[in-house]
2 protein chains.
Amino acid sequence: MSLRYALLALLRVGPLSGYELQKLFAESVGHVWHAPDSQIYPELKRMESDGLITGEEQTRGQRGRRRVYHVTDRGGEDFFAWANAPMEYSRVRDPAHLRAAYLESASDDAARDFLTAHARHHRELLRRWRDEIARIRSGEHPMVQRRLAAIPEQERERAVAFKVFAYEGLAQRAEAEIRWAEQGLQLLNRLAGEEAPVTAG
Amino acid sequence: MSLRYALLALLRVGPLSGYELQKLFAESVGHVWHAPDSQIYPELKRMESDGLITGEEQTRGQRGRRRVYHVTDRGGEDFFAWANAPMEYSRVRDPAHLRAAYLESASDDAARDFLTAHARHHRELLRRWRDEIARIRSGEHPMVQRRLAAIPEQERERAVAFKVFAYEGLAQRAEAEIRWAEQGLQLLNRLAGEEAPVTAG
DNA sequence: CTAAACATGTAAAGCGTTACATGATTCG
DNA sequence: CGAATCATGTAACGCTTTACATGTTTAG
C-alpha cells in the first residue's frame with residue numbers, strides 16, 4: 001500500500017504523466033521505496049478507479065498519446081490520512097541476519113565473502129544516502145525543488161528538515177550494518193586464530 | 001525462498017513433525033524470519049515434492065496422524081549451497097523512512113506519535129534480541145540446545161558465536177532506530193521552538 | 001467432560017519481481 | 001535514418017497475509 005502514497009506524494013505537487021512520474025520517482029522517492037515501471041502504470045490505473053487521481057488524456061504529435069494524472073480531493077484526503085495514521089510494523093524477516101545465524105554452516109571463505117559483500121553493499125547505500133542528503137540541502141534534488149516551489153517559504157525549512165531526517169536514518173542504519181559486518185570479520189579472525197594455536201607456534 | 005532454508009536448518013538437526021517444527025520455529029528462527037503456520041505446512045509439502053525432505057506418516061492414538069519430516073541428502077546439499085552462496089540484496093523498500101520523508105505533511109501531534117511509536121517498537125525488538133542473546137549464551141535456547149547436541153564439542157563455540165553475532169546485528173540496528181527516532185523528536189522540538197519565538201517572549 | 005494442546009491444512013487476495021511486448025516522437 | 005527518449009502496458013509466477021476450516025488426543 002505504500003507505493004500508492006509515494007506516487008500520491010509526487011502528484012500532489014503537480015500533475016504528471018505516467019512516464020514523467022516514473023522518471024521522477026526513480027530519482028527521488030524511489031530511493032526509499034523502489035518500484036519498477038511495470039508496477040507503477042497498473043497502480044496508477046487502480047488509483048484512478050479508486051478515485052484518488054484523474055487521468056487527462058493528451059495527444060503527442062500525430063498518433064502519440066499520454067495520460068496526465070491529477071490528484072483529486074479524495075486523493076489529497078487519503079494522503080493526509082496516511083501521513084497522520086499510526087504505522088503498522090510488519091514482522092521481522094531479514095535474509096542477511098538469517099544467513100548470519102547459519103554462517104557456522106558455511107566455509108570460512110564463504111563467510112568472509114558474505115561479510116565483505118554485506119559491508120560493500122551498505123557502503124554503496126551509505127554513499128547514496130549521503131549524496132541524497134547533499135542534494136536536498138543544496139536544493140538540487142528534483143523532488144524537493146518541485147515541492148519547495150509549491151509551498152510557502154516558512155514551511156520550506158520544515159520540508160527540507162524532514163527529508164534530511166529520513167535519509168539520515170537510512171544512512172545511520174547503513175553505518176550500523178557496516179560496523180556489524182566488520183565485527184563479523186573480526187570474529188572470523190578470532191575463530192581462525194583459536195583453531196590452530198599450537199601449529200602456529 | 002528463505003523460509004525453506006530456515007525450516008531446513010531446524011530439520012537438519014533431527015526429524016520433526018510439522019507441528020513440532022512450527023512450535024520450535026516460532027521460538028527460534030521465527031524471531032529473525034517470521035512465518036505463520038499457514039505458510040509452513042504448504043512449504044513442507046513443496047519441499048517434499050522437491051525432494052529436500054521426506055515425510056514419514058505416523059499414527060497417534062486411534063485416528064490421529066502426524067507426518068514426521070527428515071532431511072534428504074539433496075536437502076542437506078541444498079542447505080549448504082544456500083549457506084555458501086553469495087547473498088542477493090533486494091531493493092530498498094522502507095515504510096518507516098518513507099513516512100518520515102513526508103512527516104512535514106503530518107500534524108505535529110501525529111509526527112510526535114509516529115516517532116515515539118517507532119522508538120517504542122524498536123525498544124521492544126531490542127529487548128527481544130537481548131533476551132535471545134542471553135538465552136543463547138546460557139544454553140537455554142531450544143534451537144541452540146538441539147544444535148549443540150548434534151555437533152562435536154569443538155564446533156560449539158563457533159555455532160554459539162555466530163548465533164550471538166546474528167542477534168547482535170539486529171540489536172545494534174534496533175539501537176540505531178531508537179537513536180534516530182529520538183533525533184526526530186529533538187527536530188520537532190526545535191521546529192516548534194522556531195515557529196513562535198516572539199510570542200514566547 | 002471440557003479445555004488445552006496436538007495436528008493439518010485450504011482459499012482468496014494483495015503485493016512484488018521478472019520477462020515480455022509494442023509503438024511514437026524527436027534530435028542529430 | 002537511426003538512436004535515444006517518450007509512452008504504456010500485459011503475463012506469469014512466487015511470496016505473504018488473513019481468514020477460514022476441521023478434527024484428535026491428553027490431562028485435569
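Within every chain, numbering begins at 1; the chains are lettered A, B, ... in the order of the sequence lines, protein sequences first and strands thereafter.
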Legend entry - Enclosure of Glu88(A) CD (heavy-atom neighbours >12, cutoff 6.0 Å):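 No.
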Inset, instruction - Evaluate whether atom CD of Glu57(A) has more than 12 neighbouring non-hydrogen atoms of other residues, nucleotides or ligands under 6.0 angstrom away. - result: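 Counting other residues, nucleotides and ligands, CD of Glu57(A) exceeds 12 neighbours.
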Inset, instruction - List the protein contact pattern of nucleotides 17-28 of chain C with one symbol per nucleotide (5' to 3'): B for base contact, S for sugar-phosphate-only contact, - for none; contact means a heavy-atom distance under 4.0 Å. - result: BBB----SS---
Could you tell me how far apart [X] ([atom1]) and [N] ([atom2]) are, to the nearest whole angstrom?
X: Arg4(A); N: dG14(C); atom1: CZ; atom2: P; answer: 11 Å
X: Phe25(B); N: dT16(D); atom1: CZ; atom2: C1'; answer: 13 Å
X: Leu3(B); N: dT17(D); atom1: CG; atom2: C1'; answer: 13 Å
X: Gln22(A); N: dC6(D); atom1: CD; atom2: P; answer: 10 Å
X: Arg46(B); N: dG14(D); atom1: CZ; atom2: P; answer: 9 Å
X: Glu56(B); N: dA7(C); atom1: CD; atom2: P; answer: 13 Å
X: Asp94(A); N: dT16(D); atom1: CG; atom2: P; answer: 13 Å
X: Arg66(B); N: dG9(C); atom1: CZ; atom2: P; answer: 13 Å

Legend entry - Intermediate values then yes/no, salt bridge (Lys or Arg N to Asp or Glu O under 4.0 Å), Glu168(A) and Arg137(A): CA-CA 12 Å; Glu168(A) 263 299 330; Arg137(A) 284 225 169 90; 5.4 Å; no
Legend entry - Gln183(B), Glu177(B), Arg179(B) screened by side-chain hydrogen bond (donor to acceptor under 3.5 Å, both in side chains) with Gln172(A), the one that passes: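 When side-chain hydrogen bond (donor to acceptor under 3.5 Å, both in side chains) is applied between Gln172(A) and each of Gln183(B), Glu177(B), Arg179(B), only Gln183(B) qualifies.
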Legend entry - Phosphate OP1/OP2 of dC6(C) contacted by Lys23(B) side-chain N/O (<4.0 Å):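 The answer is no; no side-chain N or O of Lys23(B) sits under 4.0 Å from OP1 or OP2.
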Inset, instruction - Look at Tyr19(A) and dC6(D) and indicate whether a side-chain polar atom (N or O) is within less than 4.0 Å of OP1 or OP2. - result: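 True: Tyr19(A) side-chain N/O within range (under 4.0 Å) of dC6(D) OP1/OP2.
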Legend entry - First of Trp33(B) and Asp37(A) reached from the 5' end of DNA chain D, by closest nucleotide: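 Comparing both residues, the 5'-ward one is Asp37(A).
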Inset, instruction - Could you tell me whether Lys163(A) and Glu104(B) have a side-chain N and a carboxylate O separated by less than 4.0 Å? - result: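 Looking at Glu104(B) together with Lys163(A), the answer is yes, because their closest N to O distance falls below 4.0 Å.
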Legend entry - Sidechain N-carboxylate O distance under 4.0 Å for Glu155(B), Arg158(B):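 No.
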Inset, instruction - Quick one: sort the Tyr167(A) and Trp129(A) rings into parallel, tilted or perpendicular, breaks at 30° and 60°. - result: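 Answer is tilted, since the angle falls between 30° and 60°.
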